[in-house]
2 protein chains.
Amino acid sequence: MFSQSEENYLKAIFHLQQESEKGVSTNELAESLDTKAASVTEMIKRLADKNLVDYQKYYGVHLTNSGELQALKVIRKHRLWETFLVDRLNFAWDEVHDVAEQLEHIQSQKLVEELDRFLGRPKYDPHGDPIPDEKGNIPDAPTKRLIQLQKGHKGICKGFNDTSSSFLQFLEKIDIGLGTEIEVIHIESFDESMTVKSNGKEIALSKMATDNIYIEEIEVN
Amino acid sequence: MFSQSEENYLKAIFHLQQESEKGVSTNELAESLDTKAASVTEMIKRLADKNLVDYQKYYGVHLTNSGELQALKVIRKHRLWETFLVDRLNFAWDEVHDVAEQLEHIQSQKLVEELDRFLGRPKYDPHGDPIPDEKGNIPDAPTKRLIQLQKGHKGICKGFNDTSSSFLQFLEKIDIGLGTEIEVIHIESFDESMTVKSNGKEIALSKMATDNIYIEEIEVN
DNA sequence: ATTAAAAATTAGCACATCCTAAATTTTTAT
DNA sequence: ATAAAAATTTAGGATGTGCTAATTTTTAAT
Ligand SMILES: [Mn+2]
Ligand SMILES: [Mn+2]
Ligand SMILES: [Mn+2]
Ligand SMILES: [Mn+2]
């Protein structure tokens, strides 16, 4: 139906437009897709012709409903494949991205449906990211971040904003993963860095790190 | 490493060159890849530049060792994925081809290795075709065909020469599959058609059909 | 051996996707 | 309000892969 390149653009636009109401800019897209602004402008015009995006010259793009559904289908496949790779094929969570980036473009309605069934209809991928259903509905995802937790409070790690392999490897090193219980021991006010306790150890985390960790707060009575 | 198109050419050349010593012709390839002769000539030149084929203008192509290894890697992936689809994802054996045609191009050494392990290192795919190992070694495959079996003799179905979905669906209909025991009841000499008995039923098979069914003869004492 | 038919190649073009450099428009700073 | 800077688009070109039509070479028929 759509080319790999088109699908990659739709996905990138989807992710970037989460961050603000404004149209996604040409440069943002170029950066995110590791290509040049001129190429982005070209592709955007093609996507607009196919009614996948609304495009106003110089003012960025928005996905149309059709474009968004398409993007969600690709994201669904990406996350299902990641789940397959980690749960069934012994991939580490920081090894799956490049392969899922290819597998997400395989065209077969039946394959997606059967894969989903085979995996037990998972709601979240190995990074805690929600897996949209075939209609494009996304399960609730945690929105609270570790950075928002107050001193003395606890939470369960539910996901990550940055899923780059460098960040995932960092998490591995400090022994924090999905489901890990984290308690805020201290907040350093001048740089918002934190000391937390998890798996029995005390760990210092930068603002950058705590802003990338989603948690579900545990009510402490 | 190589484009999808290049990989498809290598695979097609590999399969066509099984049939004779002579170079694979431009028209054969065009037919097999559903493209035009002119396009084939172009691609062949590119493959020759990359030392994947030996090419003599007007006299067809042969795979080089490197081209053959490459082709075998693609065939390995194709057959492993077919096995996955049938064994794990409930695909019917005549539904897997198009999807495997896409999946065979996914680039990841680790993925192939882990998939192979996950599937239990299968030797044959759902159509009875042998799965090459990572070095390109192919397990023995049956070479005797039903058409060669004499009246009164029996064999076990081990594979098929034609694995098009129309032939597979025909086999489904007459209830013949891998492992089915087949006995030759009668051979009609004028057109080489056969009456066989399998699963308790007597079935009439054309020469075309019996020439496409591989069997391992059972010694009758 | 000559010629007709078939097969293969070349020439010229199209489309998707990418690029650099130049031009244009918008945004920011003064 | 103007000018400089930044962002974006346009122009022009490259590459990979396909096509049709014309040409060349090989093969088959007489
Ligand atoms: Mn991708
Ligand atoms: Mn993920
Ligand atoms: Mn293929
Ligand atoms: Mn097969």
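A, B, ... follow the sequence lines: proteins, then strands. Residue 1 opens every chain. Everything quoted here is computed from the prediction, not taken from an experiment.
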Atom [atom1] of [X] to atom [atom2] of [N]: distance rounded to whole Å?
{"X": "B/M1", "N": "D/dG16", "atom1": "CE", "atom2": "P", "answer": "15 Å"}
{"X": "B/D34", "N": "D/dT17", "atom1": "CG", "atom2": "P", "answer": "17 Å"}
{"X": "A/M43", "N": "D/dT8", "atom1": "CE", "atom2": "P", "answer": "18 Å"}
{"X": "B/E6", "N": "D/dT15", "atom1": "CD", "atom2": "C1'", "answer": "12 Å"}

Residue A/Y55, side-chain heavy atoms: nucleotide from D/dG18, D/dT8, D/dT20 that is nearest: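 Between D/dG18, D/dT8, D/dT20, the one nearest the side chain of A/Y55 would be D/dT8.
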
Side chain of B/S3 (C-beta onward), nearest among D/dC19, D/dT8, D/dT17: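 Looking only at side-chain atoms, B/S3 lies closest to D/dT17.
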
Touch class at under 4.0 angstrom, heavy-atom based, for B/S39 against every strand present: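 Answer is base: heavy atoms of B/S39 come under 4.0 Å of a base.
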
Sugar-phosphate, base or nothing in reach of A/T41, heavy atoms under 4.0 Å: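 Answer is base: heavy atoms of A/T41 come under 4.0 Å of a base.
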
Which residue lies more 5' along DNA chain C, comparing A/R46 with B/Y58 via nearest heavy atoms: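 On the 5' side of the pair lies B/Y58.
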
Along DNA chain C (nearest heavy atom to each residue), the more 5'-positioned of B/E42 and B/S25: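 With B/E42 and B/S25 compared, the 5'-side residue is B/S25.
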
Check: A/F160 ring centre within less than 6.0 Å of A/W93 ring centre: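 Under 6.0 Å, so yes.
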
Phosphate contact (D/dT20 OP1 or OP2) by B/K36 side-chain N/O below 4.0 Å: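 Yes, within the criterion.
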
N/O (side chain, B/S5) to phosphate O (OP1/OP2, D/dG16) under 4.0 Å: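 Answer is no, no contact under 4.0 Å.
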
Mutual orientation of the aromatic rings belonging to B/F84 and B/F118 [parallel < 30°, tilted 30-60°, perpendicular > 60°]: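 Answer is tilted, since the angle falls between 30° and 60°.
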
Boundaries of the DNA chain C segment in contact with chain A, non-hydrogen, under 4.0 Å: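 Terminal contacting nucleotides, 5' to 3': C/dT17 to C/dT27.
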
A/F91 six-ring centre to B/K110 NZ/CZ under 6.0 Å and within 45° of normal: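 Yes; both conditions hold, so B/K110 lies above the ring face of A/F91.
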
Reported CD-to-CG distance for the pair B/E68 and B/L10, which is rounded to 0.5 angstrom: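 Here the rounded value is 10.5 Å.
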
A/D125 and A/H78: side chain donor to acceptor below 3.5 Å: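 The answer is no; no qualifying pair exists.
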
No-hydrogen, no-angle side-chain donor-acceptor test under 3.5 Å, A/E28 and A/Q17: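 Per modelled atom types, A/E28 and A/Q17 side chains form no pair under 3.5 Å.
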
Pairing of B/E114 and B/R117 as salt bridge, 4.0 angstrom limit: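 Salt bridge flag = yes for B/R117 with B/E114.
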
